[in-house]
Each structure stands twice: as C-alpha cells, then as structure tokens.
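The model shown is predicted, which means the values in this text are computed figures rather than measured ones.
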Amino acid sequence: MSRPGNPAVRLLAARSLRAHRKAWAAVFAAVAVTTALLGALALALGSTGLGHARVERYAAAPVVVAGDQEVRWTATPWGGEPRTETAGLTERVRVPEAAVAVLRSVPGVREAVPDDTFVVREGATDAAAETAPGIGAGTGIRAGAEAGTGTGVPADVGTRAYPGRSWEAARLAPYRLIDGRGPRQAGETVVGAGLGAAVGDTVAGHRVVGVAGGPAVLYVTAGEARRLAGHPGAVDAVGVLAEPGVPVGTLHARVRAALDAAGLKDTAAGQPLRALTGDGRGGVEHLGAPPARTELLRLLAAVSGTVVLVAVLVLASLVAQALQQRAAERELLLSVGATPRQVRGAAGREAARVAGAAALLGALASVPVFLTLWSALRARAGVVPEGLELPTPPWLFAAVLAVAALVVGITRLVVLFAARRPGRAGKGGARRVAGLVLLVLGVGSAGTAAIQGGDAAAAAAGAATVTLVAGCALLGPWIARAAMTVLDRPLRWFGGAPGRLTAAGAAAHSRRLGAALVPVVLVTSFALVQLSAGATMERAAAAQARAATTAGLAFSGTTAERVRELPGVDTATDVLRSTVVLARTEAGTPRLDRLPVLGVDAEGLAGTLDPGVVAGDLAGLAAAGTVAVGADMADSLGAKPGSTVELRLGDGTPKRLRVVAVYERSLALGEFLLPKGELAPHMSDPYPARVLAAGSAGTSPVAPESVTLPGAELNGIVSGGIVVAIGGLTVLSVLSTLALIGAGRRGELGLLRQVGASAGQLRRMLGLEAGFLTATGLLVGLVVGALPLTAFARALTGGLPYLPPAQAAAIAGVVLVTVVAGVFLPVSRAASGRRGGVWRPKGARPRR
C-alpha cells in the first residue's frame, strides 16, 4: 500500500502546489490571521497565568499573615466526584489581634508588626455645619453639578480622602524618614513623599511632622490608627520580620506551625489564617488584583475557544472550495492509477507547506498584536486593577510556535476530512442530516437560554449561535438553492440576459453558492450577536437606572446623616457598594457567582430610589438580617417574601437573610439590596459611594448609575478588541472565499465572452450575484443571530434585542462592500474582456 510520504505523493504535492498557488493564497491568509490571533491570545493567557499582585508595602517582611481572601464551595455533580469551586473576595478578611502576640513568640521572629489600612478624609468633622451658601469655602467640601435646579442645595458635597496607616507599619516596606520625625500623639502625621506636603503643613486635620519615602500616605500613631481603622480586636494583616540569618522557608514553617497550634481563625468566615511569602504577599495589599486575574483568565480562555471554532469554520470553507475546484483533476489522477490515499496524502502535504509558512508569519505577527493589546490595557487608568502585574518573560514568546503547530495541525485535519472521498461527489445525505441535527441543537440551546439567566443564558446563547452557523455551513448548498428558487422567476423575468445567466449559473452551481454564503452568514451572525448582546444589556440597564433613580440631589464624599442637615433636603439615603458571593449548584455542579450589591437606608428610599417592588415591602430593610432580591434571581432561587437566602458577604462571612421584598430593576441596582448596617461591617471602607437625596419641589432626577462588577471595563476592552479581531477574520474569510471562487470562474467567464456575452452583461450578472449573496447572507445571518439573541434578551431583560442603527448599517455596509469586492476583483479582467483575462485553449489564436 502506498504511504503518504512516498515519492509519488511528494511529486503530486509539489506539482499541484505550483499549479494552484492562487487557490492556496486564500488559505494562506486565513491561517496567518488565525495564528496571529491565537498566538496573541496564548501570550495573553500566559502573561495572565504568571500574573500576581505587586509587593510594595510588605517588601521587607518575608512572611505576611492575613485572612483567606477566597471562598470555597464543594458539591458533587450527578454521577461524579465532589468538586470544589473558589471565588476571590473583594473586601478585607481580617486577622484577630491575638495573632500578633502569638507571632512575636515564634523563634526566629524579630518583630511582628500589625498593619491596618484606612481612609483619612479631610473636612469630615465640620462638613455637617456648612450651609448651602457657604459650601466649598475653605473646608475641603466641593460643589458639583449632579443635582436638579431650584433648591439652592449644592449638587455635590465631598471631602478629599487619603490612605492612612500606622507609622510602625512603614517598617514593613521599609519606608524611612527623609525629613522631620515620627508622630508621637494624635493629630500628628508623617506623609509619604508622593503626597507633596512638607513638614509644618496641615493635611486632613493633621500636622505634618515628618516626610517619608514612598507613595501618598498619611502615617499616624498606632493608637490613632486603631481608632481610625474602626475594627477593634482585629487587624488587616501582620508583617513578620525575621532575625538575621533565618531562611524564609524556615520562618514560614515556624509561623505556620504556631498559627495551627494556636487554632487562630479569621474574623469573617472562621477560616484558618494564611502565612504568605514571595509574590503571594501582594494579594494582601491589592485585594482586587487576584479576582481580576481570575476573571481575565476566564475571559481569554472563552475568547480563545471562540476563535478556534471560527477558524475551523473559516478554514473548512476555504479548503473545501479549493479542493472542489480541483475535482476534475482528482478524477483524472484516480483514473490513471493514483490511489485515494495518495490523493489525500498529496493534498495534506500541500496544506502543510502552505499552512506552515503562513503559521510562521502569523506567529511573528502575534507578538505586536499582543503588545498592542497589553499596552491598551495599561494605558487606560483603572482598567487593570491597581497592583496587578502581568509579566512577559522572554521564554513566554516561545508559546507562539506551539500555537503555529496547532493551527497547522487543524488545517491538515480539515484538508484530510475534506478530501476523504476524492472523486465521489455523492448526494450529500449525511451532510444534510448532520446540518439539520445541528440546527435542531442550536434551536434547543436558544430555548435553554430563554429559561435561564445571567452567565448561563449568555453561554447558551453563544453555543446556539455557533451551532446554528455550523448547521448553515453544512446546509449551504440547499440554503442557496432554496433562496434561488424564490428569486429564479424574478431574475429571469426582470433581469434580462444577465438575470437569466445568474439564474442558470445558480441552478448549476448551488454548491459554489453555498460555499460563498457560509462566510457571509458567519460574519453577519457573529457581528450581530456580539454587538447586539452588549447594546441590549446596556440599554435595558440604562432604562432601569433612569426609572429607579428618583432623587433630585446626589452627593459624594459625605454621608446621609450630614446631608439631611442641609437646608432644602427632605430625605436621604446612603448608597454603599460591595459584592456578595452566591453559592449554588447547576445539575449538581458547584457554582460561585460574585455579584454587585447595594447597601441602603430603608427610611431614606422614599423619593430617592425606586427599585420597582413587585412583592413585599422595602420598609422591611430597616431590620437587621434582611434582604431584597431581584425578580430574576428570586425566580432562580425560588425566593419570595418571608423565605431566606444564604449569601457570603464581601469578606466571606456567611449570612442567612430573610427576604422582605422582590424588585424588578435588578439590571440597574444589582441582584440584592441589603440594609446599610448589615453590609458596612464587612467592607474594607464602609464609607458611602454616593448619597441620594430628595429636596424641595422643582428638582429633576439626578444622573442615574448602574451597578457593575469591578473589572467590567477590563472585560469590555478585551472583549471589544477581540470582537474587532474576530470580525476581521470573518471578513477576511468572506473576501478569501469569494476570491477563491472567482479565480475558479475565469474560464467560465472567458467562455461566455467567446459565445457572445458582452462585458456589460457579465458585469450586471456579477452584480446580481453579489446582490443575491449579500441579501441572502444578511437574511440568513439575521435569522441565525436573532434566534439566540431574542432568547438571551428575553431571559435577561424581558424585552427584545436591540442594535443601534449605526451599528446595523455598519454591518450591512461591511458585508456589501466585502461581497462586491470578492465577486468583482478576481474576475475583473475576464468580465471586462481584456486580453489577459479571456480563456482560450492552449495554442489558440485570438479572435480578430
């Protein structure tokens, strides 16, 4: 039996590659772009996987003792082994103060330094005494323009805030004095050099007595630090300084043993304390960095999977068309003695050579693509959480070679699958059945999205889109034939000779039209789903926020208690922002969702915030241990007024809360509303993010805000960049497929010119084909995208999907321009009748 690597196969591959360079050019471009995208994503995944929180404040402490900033949930899936899920906590998990004495007694410990971080606010003590006319006059309280008009009440009352620590904790960095001395009594402070103050200045009511190196921080005495931190009996962390000559590993083992022997637990969920070394210490400083790193890893992994699926569809379409155009050549090879295995082996070798060169080019291009993405993330303040380091060591860039090998392997498999039965066209029965099965599965997945919510609905909608597109790819010839059946008579009756040529060509080459339709459907449905899903959520959230925010006044940097003392204010509520973790199971599989949550004053909600209560009464939030739940979440949990739900607050503390109300505007306000007093003790900084107030008549509602999770902007930027990249890949697939088809039609168009068709008739025929492909592709793509989108929108917003008209026009315009270019450019010479583009038998002389 002939082997694919024998001389006959090598000869066939070499000759065929030279003869079909233009046919393989489209595959080359698709492989190069795919490799560039996947290579950039691989580098991003590697960099994120190596990411860690930056160590700054604890650089001199080899061991840091802190609470466990993760919550865990274990469940047993149906028919499987127990599984444990983890989620990062965004609020500080604190350490009992008794741990300091335990650590100071450990052999080899030179000092155990308790550390608390807090916020010192300028003007926080005298702001309540200010009246409207004097606001902003020398007190550090500033006026803004958020509120309505006609009250005389300032729109924005706020205080300047500074991070604070105890002066003894500065040794953990270490930050040393540059000028002056350390604080000795309350009211004195050492400022970090980054603040720009000098000895003798007054900052936030504190007299500056010294300046230390480091960031903009106020260092106060240990006693004042404990008072300002506001959590007696607990500290944020303990930095352990070692005796000279004690190795880090030895010190860590002794500290770990001492903590276990003492049985010390954190003050939130009662979990064992953690002893951290190396890069792990950074997570104690920058609480948002580890959860953001986890979210970024999940996002990049999901996007990578989408790119792989799109790439397989694109490559399959291009390769199938390239091999289809050589059907006569393969039949000839089989008739003269070549075996099917030799033909498949030759096609595989051709693909490997083309894909290998393209993959290397794409691997090189992936480096600047990755660097551009990372640069964009770092350029936007607040997108990457403070302190999250994303390293890119030189050896990481070798990952692009592995990606290149993967893409070559995918291309080779696609070629072997497409050439599995060379020379046998068949009736396509199995292909038709497979396509119909995929369509049914896609519809079922869309139905699943309609009855679920949150991430589950989004995942089901995405799966439905991919499945439906794959089904359309298999059913492409039949879709094209059905569409042409509808348009056949209009084209023949009203299109003249070009119309009859178009109809005849479509009837004879439905497989070719189907191959051309697939990428058009792909780009339309992909762009529609990606753009409309975000726009639908944003529009619904904005509408709910406008309806929910009834306050005429809004303040920041203050409290509702102080705002109520201002003239013209009738009622006010603090708005605290935090997160909770909800543990539940899906089909027995454990799942942890970190969700945004608001803390409010129940007595101040009237006239300021209207969540749209559908059951119960928000007045019940005045009692401790209560919660209001969004309607969709209540349906998911089976919750109603009087029942209970179990949540883990921002620091991991488990709470069983009684439901007092169910409300409908959860897209704007989050899935849970808690009493301020329930939420504040479990926040790192329990100061209100905003104060909403109702004043005298004549005010208009303030600008609404929607609740979003930390890292949402990061998600948006990464997703937006990847959408553009994948959109570019799909547009390239449209252009490449049509160019490949057009290159194979040059002989056909030349023959039509020979039998008397004019250049104008051929151009009109091509124009009708381009119009047919554009209209059919947009229509099928709209149906494919609209089905999962409608299910998604109904599940999450209760309405229909929305796409801004400008974006809809952009999708249609890009598809139209791409199709017209793909149809006309490859055959322009043949269609125009220019000498170089007319097909003639070899040796034939031109007509005169």
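- Nearest heavy atoms, Asp68 versus Asp266: N-OD2, 4.3 Å.
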Exercise for review: Give the intermediate values and the outcome of salt bridge (charged side-chain N to carboxylate O under 4.0 Å, His left out) for residues Asp593 and Arg584.
Suggested key: CA-CA 8 Å; Asp593 295 325; Arg584 50 181 168 171; 2.9 Å; yes

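- The cationic group of Arg121 lies under 6.0 Å from the six-membered ring centre of Tyr687 and within 45° of the ring axis, placing it in a cation-pi geometry.
- Annotation: the span from Arg184 atom CZ to Trp167 atom CH2 amounts to 12.5 Å, rounded to 0.5 Å.
- A salt bridge between Glu678 and Lys655 is present, with a side-chain N of the basic residue lying under 4.0 Å from a carboxylate O of the acidic one.
- Counting heavy atoms from C-beta on, the side chains of Asp201 and Arg207 never come closer than 4.5 Å.
- Listed for the Gln69 side chain is a donor-acceptor partner under 3.5 Å among the backbone atoms of Val93.
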Review point. So Leu647 and Phe672, side-chain contact (heavy atoms from CB on, under 4.5 Å) or not? Walk me through it.
Key: CA-CA 10 Å; Leu647 300 174; Phe672 300 99; 3.7 Å; yes

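- Looking only at distances, no side-chain donor or acceptor of Arg57 sits under 3.5 Å from a matching main-chain atom of Leu172.
- Using a 3.5 Å distance cut-off with no hydrogens or angles, the side chains of Thr90 and Thr579 do pair a donor with an acceptor.
- Summarising the geometry, atom CG belonging to Leu241 is positioned 9.5 Å from atom CG belonging to Leu251; distances are rounded to the nearest 0.5 Å.
- Counting heavy atoms from C-beta on, the side chains of Leu218 and Leu195 come closer than 4.5 Å.
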**Study point:** Audit row: His286, Arg54, side-chain hydrogen bond (donor to acceptor under 3.5 Å, both in side chains) steps and yes/no
**Key:** CA-CA 8 Å; His286 307 286; Arg54 185 168 57 249; 4.8 Å; no

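- A donor-acceptor contact under 3.5 angstrom links the side chains of Ser47 and Trp374, judged on distance only.
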Practice item. Might you work through the salt bridge (charged side-chain N to carboxylate O under 4.0 Å, His left out) test for Asp601 and Arg564, ending with a clear yes or no? Key: CA-CA 13 Å; Asp601 294 314; Arg564 292 188 191 108; 3.6 Å; yes

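- Looking at Val65 and Leu103, their side chains come closer than 4.5 Å, going by heavy atoms from C-beta outward.
- Formation of a donor-acceptor pair under 3.5 Å by the Thr202 side chain with backbone atoms of Gly205 is not found in this model.
- Between the side chain of Thr372 and the backbone N or O of Pro368, at least one donor-acceptor pair lies under 3.5 Å.
- A salt bridge does not link Glu295 with Arg293: every distance from a Lys NZ or Arg NE/NH1/NH2 to an Asp or Glu carboxylate oxygen is 4.0 Å or more.
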Practice item. Show your reasoning for whether side-chain contact (heavy atoms from CB on, under 4.5 Å) applies to Leu595 and Leu582. Key: CA-CA 7 Å; Leu595 304 168; Leu582 175 65; 4.3 Å; yes

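- Thr558 places a side-chain heavy atom less than 4.5 Å from the side chain of Val563.
- Contact annotation: the side chain of Arg165 never approaches that of Asp116 to less than 4.5 Å [non-hydrogen atoms, C-beta and beyond].
- Minimum interatomic distance between Ala36 and Ala365 (heavy atoms only, all atoms of both residues): CB-CB, 4.2 Å.
- In this structure, the side chains of Leu276 and Val63 stay at 4.5 Å or more apart for every pair of heavy atoms.
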Practice item. Applying salt bridge (charged side-chain N to carboxylate O under 4.0 Å, His left out), run through Arg591 and Glu85 and close with a yes or a no. Key: CA-CA 6 Å; Arg591 173 177 170 181; Glu85 288 291 319; over 6 Å; no

Exercise for review: Output, in order, the C-alpha distance, side-chain angles, deciding distance and verdict of side-chain hydrogen bond (donor to acceptor under 3.5 Å, both in side chains) for Glu91 and Ser578.
Suggested key: CA-CA 8 Å; Glu91 305 290 358; Ser578 184; 2.8 Å; yes

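- Checking side-chain atoms of Asp574 against main-chain N and O of Ala560 turns up a donor-acceptor pair under 3.5 Å.
- For the atom pair Trp73 CH2 and Leu592 CG, the distance stands at 8.5 Å (nearest 0.5 Å).
- The minimum heavy-atom distance linking Leu264 with Pro96 is given by the pair CD2-CG, 4.4 Å.
- Rounded to the nearest 0.5 Å, atoms CG (Leu89) and CG (Leu287) are 9.0 Å apart.
- Note that CG of Leu371 is 8.0 Å distant from CG of Leu43, once rounded to the nearest 0.5 Å.
- One N or O on the side chain of Arg110 and one on the backbone of Ala242 form a donor-acceptor pair closer than 3.5 Å.
- Distance alone, capped at 3.5 Å, places no donor-acceptor pair between the Thr189 side chain and the Val220 backbone.
- Here the side chain of Arg171 pairs a donor or acceptor atom with the backbone of Glu168 at under 3.5 angstrom.
- With Thr653 contributing its side chain and Leu649 its backbone, the two residues share no donor-acceptor pair below 3.5 Å.
- In this structure, the side chains of Val217 and Val191 stay at 4.5 Å or more apart for every pair of heavy atoms.
- Under the 4.5 Å side-chain criterion, counting only non-hydrogen atoms from C-beta, Tyr58 is in contact with Val284.
- Scanning for ring pair (Phe, Tyr, Trp, His ring centres under 6.0 Å) contacts around Tyr175 gives an empty result, with sequence neighbours left out.
- When atom types are taken as modelled, the side chain of Glu188 and the backbone of His206 share no donor-acceptor pair closer than 3.5 angstrom.
- For the atom pair CG (Leu576) and CG (Leu598), the distance works out to 9.0 Å, reported to the nearest 0.5 Å.
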